[in-house]
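Just so you know, these numbers come straight off a predicted model, no measurement behind them. We name chains A, B, ... by the order of the sequence lines, and we start the count at 1 in each one.
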Protein chains: 2
Amino acid sequence: MSSSNTISHEIAAILRDEILQQRYRSGERFPSERDLAARFDASRGAVREALSQLEQLGLIRTQPGGARVQSVKSASLAVLGPLMALGDYPDPLLVDQFLQTFSVLTAMTAKNAVVAASPEQLIQLKKLVAELAGEAEDFEAMQPHWRALLEAMSTIADNLVVRLISNDLKAQFVDQMIELGIRPDLRAGSIDKLLSSLRVSLNNQDGELAGQAMQDHFVELREAVGEAIRFRADELSIRAAN
Amino acid sequence: MSSSNTISHEIAAILRDEILQQRYRSGERFPSERDLAARFDASRGAVREALSQLEQLGLIRTQPGGARVQSVKSASLAVLGPLMALGDYPDPLLVDQFLQTFSVLTAMTAKNAVVAASPEQLIQLKKLVAELAGEAEDFEAMQPHWRALLEAMSTIADNLVVRLISNDLKAQFVDQMIELGIRPDLRAGSIDKLLSSLRVSLNNQDGELAGQAMQDHFVELREAVGEAIRFRADELSIRAAN
DNA sequence: GCCCTATATTTGGTCGGACCAATTTGGTCT
DNA sequence: AGACCAAATTGGTCCGACCAAATATAGGGC
């Protein structure tokens with residue numbers, strides 16, 4: 001039995017989503033442990049474990065007299081994944097904020113990796129860029145290669161802080177988009193431009209160029225993803241009207 | 001009784017630090033709940049709650065047969081604060097990584113804030129910059145003003161993702177440095193240069209300039225902090241030798 | 001000695017009940 | 001309306017019990 005199937009995890013996930021959907025006002029007292037145990041037909045021990053998890057996420061603060069709901073704004077980054085997974089499609093503004101933030105971190109990582117790479121690592125990166133180029137026509141098929149390239153850069157740059165951030169950013173974000181039927185339509189040549197710049201940056205070990213190429217790519221990706229979400233939202237509301 | 005004084009929180013903090021100090025190898029089985037209950041002279045329920053917290057941090061994975069330790073590299077960003085608080089002074093490399101990461105996020109926030117600010121908000125920011133200028137001679141005294149400026153920019157830029165990251169980055173980092181006796185010695189004129197650029201950026205609503213000013217400032221801050229940590233480390237080892 | 005299988009033991013998951021400290025609520029008085 | 005107090009509620013913790021799943025051990029075969 002995987003630990004994510006325990007009663008306490010299920011309870012925590014349900015309550016987490018209720019908080020993220022703002023069913024409770026910030027500062028409000030949360031239902032009591034005894035009430036939650038009755039609601040979920042579980043023991044108070046399981047409820048307490050679930051509340052421990054929510055507290056670690058910064059979503060509640062437990063104290064005698066009753067837990068209090070905290071503002072989502074003061075929560076841990078780990079709530080971002082579930083926040084974006086709410087509903088049929090994610091909030092476009094939140095997605096854009098995610099992409100913008102991810103882009104500056106990715107640009108920094110690319111820059112540092114290109115500067116720090118050994119000759120062997122440069123060869124490895126070039127190889128990964130070439131593999132990515134081989135799938136550049138198909139957005140979905142190129143994702144594993146894109147992830148491999150980012151992972152290699154992250155390893156070479158070796159910044160633990162960015163690594164920890166990425167863990168919580170759920171860099172499988174794109175997979176989630178694809179599952180939800182959101183497919184960004186990048187302009188022709190956009191990936192080619194990125195790959196071309198990356199190749200030059202690797203040949204010259206030019207970190208600035210690598211970083212700038214990443215940032216430019218994400219500017220386009222942000223637009224494309226925003227359009228795709230709006231398109232998907234329209235699809236879903238038309239379907240709902242029928 | 002504040003919730004942070006509960007037995008389960010104390011147990012979780014001790015175990016968290018042991019994991020962060022690599023007392024256990026990644027993948028290794030963690031001590032059993034019954035053993036931990038005996039070790040801490042507590043009930044198994046309290047231990048379970050502590051383990052729930054550690055799992056939420058991504059430090060362990062609980063499953064029947066025994067919890068397994070996870071690599072710190074795959075943990076949640078929320079472990080960064082405790083990681084930097086280990087020992088008499090933090091790892092200089094980790095601090096530098098933190099500052100570098102924080103600087104790109106701060107630059108992005110400053111840029112977005114200056115671009116997005118209403119006329120009233122621009123006036124507010126200018127006022128905060130002026131207040132910061134009034135304390136620029138004293139690194140410690142200027143921290144509340146610095147924080148107020150960053151907070152205002154963060155509010156104006158209104159990027160939830162960066163907000164969540166900052167929550168976990170423990171932006172009280174500087175306070176922690178001061179407590180540990182680490183005092184960065186910024187070059188004369190460094191703050192003046194930053195403030196001057198910020199004023200121009202606000203007058204012209206020039207986001208790029210604001211972002212660049214922040215980045216430049218952090219380049220200097222990184223150097224100064226690194227020196228200060230090395231100085232402090234030397235102090236402590238001389239003291240230990242006596 | 002190595003591998004496989006069966007069994008025993010250990011471990012996590014959960015339950016219910018008990019008790020105490022801290023907080024909240026409701027009633028009374030001024 | 002505000003202050004105060006008692007009662008009720010709530011979190012914090014403990015204990016013992018039981019079951020499912022994983023791990024360790026023993027025995028047999030090659």
Side-chain angles (χ1 to χ4, degrees), chain A residues 1-16 18-19 23-71 74-76, chain B residues 1-16 18-19 23-71 74-76:
Chain A
M1 177 163 61
S2 151
S3 64
S4 61
N5 286 351
T6 62
I7 291 181
S8 72
H9 284 94
E10 291 177 11
I11 294 171
I14 291 168
L15 296 175
R16 178 199 70 210
E18 287 180 1
I19 294 172
R23 299 276 174 83
Y24 310 92
R25 289 184 307 274
S26 173
E28 185 179 340
R29 199 166 59 171
F30 212 52
S32 75
E33 296 173 357
R34 290 169 175 92
D35 285 348
L36 290 171
R39 172 181 162 191
F40 291 109
D41 192 28
S43 73
R44 219 181 115 211
V47 167
R48 289 188 58 79
E49 284 173 42
L51 296 184
S52 267
Q53 291 163 41
L54 294 182
E55 193 183 37
Q56 196 61 54
L57 286 173
L59 290 175
I60 63 170
R61 180 176 172 82
T62 55
Q63 61 207 26
R68 299 282 170 174
V69 178
Q70 303 290 109
S71 165
S74 60
S76 158
Chain B
M1 176 163 64
S2 149
S3 66
S4 61
N5 286 350
T6 63
I7 290 181
S8 73
H9 283 94
E10 291 177 10
I11 293 171
I14 291 168
L15 296 176
R16 177 200 68 210
E18 287 179 359
I19 294 172
R23 299 275 174 83
Y24 310 92
R25 290 183 306 274
S26 175
E28 185 178 342
R29 198 162 65 168
F30 211 52
S32 75
E33 296 172 358
R34 290 169 176 94
D35 284 348
L36 291 171
R39 171 180 162 192
F40 292 107
D41 191 27
S43 73
R44 219 181 116 206
V47 167
R48 288 187 59 81
E49 283 172 39
L51 296 184
S52 265
Q53 291 162 42
L54 293 183
E55 192 182 38
Q56 198 60 56
L57 286 173
L59 290 176
I60 63 170
R61 180 176 172 84
T62 55
Q63 63 209 26
R68 299 282 170 176
V69 177
Q70 303 291 111
S71 165
S74 60
S76 158

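- Of all the heavy atoms in B:I7 and B:A42, the pair that sits closest is CG2-CB, 3.9 Å.
- For the atom pair CZ of A:R44 and CG of A:L36, the computed distance is 11.0 Å after rounding to the nearest 0.5 Å.
- In this structure, B:N5 atom CG and C:dT23 atom P are separated by 12 Å, rounded to whole Å.
- At a non-hydrogen distance threshold of 4.0 Å, B:R44, B:R48 from residues 40-50 of chain B come into contact with DNA chain C.
- Contact annotation: A:R61 side-chain N/O to D:dG11 OP1/OP2 distance is not under 4.0 Å.
- Taking every heavy atom of both residues into account, A:I60 and A:L51 meet most closely at CD1-O, 3.6 Å.
- Rounded to an integer number of Å, the gap from CD of B:E10 to P of D:dG12 is 13 Å.
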message: Test side chain to side chain contact (heavy atoms under 4.5 Å, CB included) on A:L54 and A:L15; report intermediate values, then the result.
response: CA-CA 8 Å; A:L54 294 182; A:L15 296 175; 3.7 Å; yes

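- Within residues 29-39 of chain B, the residues having any heavy atom under 4.0 Å from DNA chain D are, by residue number, B:R29.
- Nearest heavy atoms, B:S26 versus B:Q70: OG-C, 4.0 Å.
- For the residue pair B:S76 and A:S76, the shortest heavy atom distance occurs at OG-OG, 4.4 Å.
- The residue among A:G65 and A:S8 whose nearest nucleotide of DNA chain C is located toward the 5' end is A:S8.
- Distances were taken from every side-chain heavy atom of B:I7 (C-beta onward) to each of D:dG12, D:dT23, D:dC14; the shortest belongs to D:dC14.
- Remark: the backbone N or O of B:L59 is not paired with any side-chain donor or acceptor of B:R16 at under 3.5 angstrom.
- Closest non-hydrogen pair, B:Q53 versus B:S8, comes out as NE2-OG, 3.4 Å.
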